[in-house]
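Reminder, nothing fancy here: chain letters follow the sequence lines and each chain counts from 1.
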Amino acid sequence: MSGQAFRWRKMGDAWEGVIGNHWVRLTAQPNAIHAKAAERITDWGWLTEYLQTDLQLDSILLTFPHDDAMRASVAACHGLRLLRQDPWECLASFILSSTKQIVQIQQIVAALCVRFGTSLPVPEGHEPVHAFPTAERLALATEQELRACKMGFRAPYLLKTARMIVSDNVNLGRLKYLNVDQARDELRRLPGVGNKIANCVLLFAYGFQQAFPVDVWVMKALRQLYFPKRRPSPKRLLHFTQTYFGPNAGYAQQYLFHYMRSRRNRRLPSEARRRRG
DNA sequence: TCAGACCCTCACAG
DNA sequence: ACTGTGAGGGTCT
């Protein structure tokens with residue numbers, strides 16, 4: 001899984017997670033994905049939308065720039081796709097992500113769901129699972145209750161954001177009708193949401209393919225692969241990320257992100273030591 | 001434009 | 001095994 005969603009767990013050869021109010025177990029088949037839910041499902045639209053199964057990945061990859069870095073990234077992340085997440089869940093999750101390791105984000109989100117999410121139907125004998133808490137529910141929480149979910153200084157951000165959503169100060173449903181820059185400005189009105197998190201939400205929840213989140217990993221990739229000599233100015237960097245990678249820059253970003261992280265994960269211990277010295 | 005603060009947890013040296 | 005230290009999908013002031 002890509003790491004753009006924080007609620008999936010690998011169980012043997014399957015992935016288990018929650019989409020909206022559905023528990024699901026996904027298993028890779030030779031030329032398909034097998035899905036199992038807890039209840040009888042007549043309309044699987046929510047799942048195909050989430051997985052973006054209609055999207056032709058090949059045609060996306062064709063729009064990437066033809067350079068060594070992108071070629072290496074595509075080769076290293078074969079078949080990587082973006083999910084289409086629920087805007088509120090995506091927004092809240094990424095508010096919780098700042099200066100946290102991905103494992104820690106997963107733990108915070110899990111705690112939040114157990115504490116504030118409604119419990120969902122699961123298969124016989126399966127451990128209980130919970131929906132992601134609604135903005136309405138979190139708006140009624142106290143900062144202290146949120147801090148109990150280990151989110152630290154992010155608690156007031158999440159709380160105030162939830163209240164702004166509930167009071168319709170910012171309307172998440174309306175963003176899809178705006179252009180990408182207007183939508184970004186709107187998201188940035190929320191406390192705890194800067195450029196990076198706004199771009200994550202634009203890309204992962206609304207499908208603005210040109211949104212290009214720059215986090216520490218992508219910054220590392222850009223500097224290493226495209227600006228080896230000198231650090232680019234923020235303005236130069238912004239211009240580069242919005243022009244060089246083409247109409248699906250956000251997709252390209254995700255390939256770079258995973259390329260960098262996979263290299264980190266396979267780093268030799270000797271390399272780790274050198275980094276410290 | 002730029003530090004420094006912000007909560008907390010885990011990995012890693014020693 | 002145990003403890004001190006640093007940094008982690010940033011944002012705000």
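If you measure from atom NZ of A:Lys235 to atom C1' of B:dT1, you get 14 Å, rounded to the nearest angstrom. Atom CD1 of A:Ile108 is separated from atom P of B:dC7 by 13 Å (rounded to the nearest Å). Regarding A:Leu96, its CG atom lies at a distance of 13 Å from the P atom of C:dT11, rounded to whole Å. Rounded to whole Å, the distance from CZ on A:Arg261 to P on C:dA7 is 17 Å. At whole-Å resolution of the value, CZ in A:Arg154 and P in C:dG10 are 9 Å apart. Across the protein-nucleic acid pair, A:Met151 atom CE and B:dC10 atom P stand 16 Å apart, rounded to whole Å. Remark: C1' of C:dC12 and NZ of A:Lys160 are 10 Å apart, rounded to the nearest angstrom. Look at NZ on A:Lys100: it is 14 Å from C1' on C:dG6, rounded to the nearest Å.
The ring pair (Phe, Tyr, Trp, His ring centres under 6.0 Å) test with A:Tyr244 singles out one residue from A:Phe212, A:Tyr226, A:Phe227, and that residue is A:Tyr226.
With a 3.5 Å ceiling on both atom-pair distances, the Watson-Crick or G-U wobble partner of B:dC8 is C:dG8.
Nearest to the side-chain atoms of A:Lys150 among the listed nucleotides C:dG10, B:dT9, C:dG8 stands B:dT9.
Contact detail for A:Ala155 and A:Arg147: the closest heavy-atom pair is CB-CG, 3.6 Å. Nearest heavy-atom pair across A:Arg7 and A:Cys113 is CZ-SG, 3.3 Å.
Stacking here means ring centres nearer than 5.5 Å and ring planes tilted less than 30 degrees, and by that measure A:Phe153 stacks onto B:dC6.
Among the heavy atoms of the strands lying under 4.0 Å from A:Val193 are primed sugar atoms or P, OP1, OP2 only; no base atom is included. Using a 4.0 Å heavy-atom cutoff across all strands shown, A:Phe6 reaches at least one base atom of the nucleic acid.
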Intermediate values then yes/no, side-chain contact (heavy atoms from CB on, under 4.5 Å), A:Ile165 and A:Trp88:
CA-CA 9 Å; A:Ile165 298 298; A:Trp88 163 246; 4.1 Å; yes

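Here, C:dA7 and B:dG4 have their P atoms 14 Å apart, quoted to the whole Å. One P atom belongs to C:dT13, the other to B:dC7, and the distance between them is 13 Å to the nearest Å.
OP1 or OP2 of B:dC10 lies within a sub-4.0 Å distance of a side-chain N or O belonging to A:Gln107.
The pair A:Asp181-A:Arg184 counts as a salt bridge, with a side-chain nitrogen and a carboxylate oxygen less than 4.0 angstrom apart.
Mapping A:Ile105 and A:Leu190 onto DNA chain C by nearest heavy atom places A:Ile105 at the nucleotide closer to the 5' end.
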